[in-house]
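Step one of this worksheet: look at the structure below.
No experiment lies behind these values; they were computed from the predicted model shown. Whatever order the structure lists them in is the order used to number ligands and atoms, beginning at 1.
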Amino acid sequence: MLAQELVLKQRAEILHSLCSSGSTEHLERVLDILLAQGELIWEEYQNIQVQGRALYTNVRQLLDLVCMKGEDTCDFFLAAIKEVLPEAQRAGISFLGCCSNLEKREESQSTLTQTLLTQRPSLVSKLQGCIDGALDALVESGHFASADCDDVLLPIHTPSQQARRLLDHVRSKGESAAKVVLHYIQESGSSLNQEKWTPPKEFSKYQKKLSSSVSAQSCFLSNYGGTSHMPLDEIYTEGQLELAHDCTDLSGALDLEDIVGMVGTVNKEADTVLVSGEAGSGKSTLLQRLHLLWAQGVALKEFLLLFPFSCRRLNSEQKELSVQELLFQHCCWPDKEQEEIFQFILDQPHLILFSFDGLDELKQGFSDECRVCCPTLRAPVHILLFNLLQGSLMKGVRKVVTSRPEAVGPLLKKHLRKEVLLKGFSPTGIDYFVKKHHSDPTVATKVLESLQTNTALLGLCHSPVLCWIVSECHKELLGCGEGSPQTITDLYFMILQHFLQHQSPTKSTMGLHWLQEHIKAVLHLGQLAFEGIGTSCYIFTDTDLETCYVTEKDICIGFLILSKDMSSNHSKRYEFLHVTVQCFFAALYIVLSSNINRSTIHKLFELEDMRETGLSSTCLLACLTSIDQQEQSLEGESIAAETPNLQITATFVSGLLSQRYQDLWLHCCPSAMIEKKVRQVVKCLSKGMHKHFKSIPQPVEGEKKSMHAMPGFIWLIKCIYEMQQSKIAKDAMSKLEVDHLKLTYCNIGPVECTALAFVLQHLRNPVGLQLDNNSVGDVGVEQLLPCMHICNSLYLRNNNVTDEGIHKLIAKGIQCENFQKIALFNNKLTDACTQHFSLLLKTKQNFLALRLGNNNITAEGAKQLAEGLKFNHSLQYLGLWGNKIGDAGAEALASALEGSKTLVWLSLVGNGVGSAGACALAKMIKNSTSLEELWLTENCITRSGVEGLIQALEHNTHVKSVWLKKNELSLEEIEEMTQRESRLMF
Ligand code: ADP
């Protein structure tokens, strides 16, 4: 298709994509390009870019002009759009056949003022960082007066608008002003380039030494050490990365390099990027991957040196160090010219990258009270680390730090450049990982098939560490038939059995006695883990091992591995395969040992109380550890960081004390002891839940009783799920009386959904379940189905749900009498899901509210919905804000809703609806006896559409307001129409 035809045919889409953000920046950049290419002359530019006029009108004007100018201009116009718009925003536009290339035009003998035009896009971008300097130069040379400067610097302008304004002023002042500004830009550009450095002679040797050491540390995955040798390159699977903040400059998914890149930056002054995720979500592995790619020269090439640190290992640094000592002693020692190399690092901070793995494992919580600014001054290592993260030390060096979310408070957040969330594997990631893990494709297929039949297990596999266990234990998994694992405890139990079987492969370990044979080893490892958890200790010396009677043979089982260390200290140290494995062994010890203090279980489950009352973790340590160890640990500082490990341990304790393991324990310890511990845990869970219920405020009269989940609620729910006893869930839920359960921003993924459904299905009365802003996804949606019958409303805003999840959800929802409302704002829905909603609307004549805002529904989807609406007699709220239904979609909906006697509220905000759509809606309004509010903000309705609405309103007294802000109307038109009809809101 020719470019002109493409522009004409896609007029609405182009209009929408250039205007939908509400900012004029995209239009202005397109105009810059067209000016530079000579496709627009200055006067034309001024006619289009009229300040104060609606953005839609300006874009329309441009569309008219380029179409009038013909094929070539249209071709450049499309190329400019392609260049300027982020991929997601131009997804609906076809550029087929558009072939203009936007390289700089050859300049023949041009004047300097012409150069200002031909190089406009690059000048705008260069000027943004140095407007003040350029203005000074222009004032000094007498070309600008202070009024000119004020005009450029008006605070309503963005930096790029200030740059354009400056260029426009300079053009009007003539050649010599143009010369000054071009000279200034060139000088400041070359002064940047001149910052060339000469590294010390020994530098490249040091760089090689560091990179080979980083490569050696990162090329294998450590938890495969015991059983196989797995190169990271082979098994690495992309995890799901998301920005913690909303971001408009992101198109598509984040990749590894985006972690250190510009995208999503919220604080340009800060150097530290935080990658946060739950235990086992793959944070260490992700850093390991970044390290390896850097060492291989494949990624992060802009950094000449990368210094990786593990907070776990920094814990054991007792000495005070300077930054120089920290770098060289903990990462890599330069053989010569230490001072010169360090000076180079200080001089070129932007070429250096530091990474800190596991901030949550640092014994001290982050604080910014103690300032150290001098890199040669010695200080305790945690103080150095905090100052590095804040940027008071080594400003300009980029730092990436990983942590579990709980350990990062507002104090650190204010020093962050950005926060990236690591959310484990996607469903395709699970598939990829399992296939990579098994060289035999038939085994991989069997494992994947078994996951499809056990979706609770599939949900668990979103966590990489659990996916690893499932793959590692495939024999146990495929052999267990009916009793396939359901809970996290089941999985860790499986890996326990798996490793012990490896230990003595000749003996039969399938009966109930297999644990009994190894009970001593389990208790030794358990004690080590338990005492470590109590003191936030994750690395163990030979002496620690001896104290807990851990033998060489116990080590050989494979749960303890040699700790990797970049420092020169070569004494042997051990750590558990993963922190969650340590928690599991600690839980085994709590369950199986008779040396456990009586109050340990209570203390473990009453963590929150301790936090609330400000009691330090030493209270718990008194029960968990010996006195010497307590003294070593720093009082009170680490509760926030260590709580997650104690919570994981408590979750395992619940699981291990569930009915299904009791027969096994019979052979290992007195049954009376186990029964007593079971009673204790059940009581703690019930008490914990009760405390949450007690905190529910009494509703204001006329409002619903609502419970907003406090931290710890989901954890209790997960503990109950681990016990797998419906009675406990039933007892807990019998005491909960609310109308609305709010679980927003609670980090709920598929695993949590399984637990929630297990417990909530026993609620006595139906509730509104609000799960907005979590990571439920399609697998999570499927997990929720068992509790759908008690949901009268389901809120799943921003949860990565796709059409597939909707298919299952609606199939179940249709059968649930109570189910009346659903909100799915900001998911990944397309037209493919609308047939299911259509069926729902046709079938359920008590359905009240359908909100599908900010998805990808087009006119086709709207037509499908309309099919259902025709037969529905109950719907009151229909929200389609931020889709792409256009005129055709609006017409279909309007005609289907014409006879509705129930619809009260309809939103078609931001849908590219024009006057044709508005006229169809007017017809609906005319006959409606129920509609009260119609939202048509941010569309492209012109005068003729509004005329239609006004006429319709003359026949309707029921409608309270029709919202028409940000449409294509002039100020005069708005004024006139407001006078004629006061219910129109502009
Ligand atoms: P975290 O640091 O978040 O606790 P880890 O990075 O230690 O999690 O991951 C735990 C285990 O999960 C790893 O040892 C590895 O077996 C597996 N794993 C995690 N992320 C990945 C990944 N991206 N690709 C392959 N395996 C992974």
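Close contacts between ligand 1 and A279 involve ligand atoms 4 (O) [criterion: under 4.0 Å to a heavy atom]. Remark: ligand 1 atoms within the under-4.0 Å shell around heavy atoms of F433 are 25 (C), 26 (N). In the vicinity of T237, heavy-atom distances shorter than 4.0 Å reach the ligand 1 atoms 22 (C), 23 (N), 24 (N), 25 (C). Every atom of ligand 1 with a heavy atom of I235 under 4.0 Å away is listed here by number and element: 24 (N), 25 (C). Near E278, meaning under 4.0 Å from one of its heavy atoms, ligand 1 places the atoms 3 (O). Less than 4.0 angstrom separates some heavy atom of H578 from each of these atoms of ligand 1: 1 (P), 4 (O), 5 (P), 7 (O), 8 (O), 10 (C).
We find that E575 and R312 are joined by a salt bridge, their nearest charged nitrogen and carboxylate oxygen being less than 4.0 Å apart. Between R289 and E238 no salt bridge is recorded (no basic side-chain N to carboxylate O distance below 4.0 Å). Ion pairing between E242 and K423 holds under the 4.0 Å rule for side-chain N and carboxylate O.
The shortest N/O to N/O separation between G280 and ligand 1 falls below 3.5 Å. At a 3.5 angstrom cut-off on N or O pairs, F425 does not count as close to ligand 1. Between E238 and ligand 1, a contact under 3.5 Å exists for no N or O pair.
The closest side-chain donor-acceptor pair between S215 and Q296, if any, does not fall under 3.5 angstrom. Side chains of N773 and T744: a donor-acceptor N/O pair is absent below 3.5 angstrom, by distance only.
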Start with the C-alpha gap between R313 and S563, add the side-chain angles, then the distance that decides, and say whether side chain to side chain donor-acceptor pair (under 3.5 Å) holds.
CA-CA 9 Å; R313 292 181 230 314; S563 165; 3.1 Å; yes

Run E234 and K436 through salt bridge (Lys or Arg N to Asp or Glu O under 4.0 Å) and show every step you take.
CA-CA 7 Å; E234 269 177 36; K436 285 275 168 186; over 6 Å; no

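Considering each of T580, T285, D357, the one bringing a non-hydrogen atom nearest atom 9 (O) of ligand 1 is T285.
Under 4.0 Å from ligand 1, the heavy atoms of W468 that appear belong solely to its side chain.
Using a non-hydrogen distance threshold of 4.0 Å, S281 registers as a contact of ligand 1.
Residues R398 and F354 are not in side-chain contact: their nearest non-hydrogen atoms beyond the backbone lie 4.5 Å or more apart.
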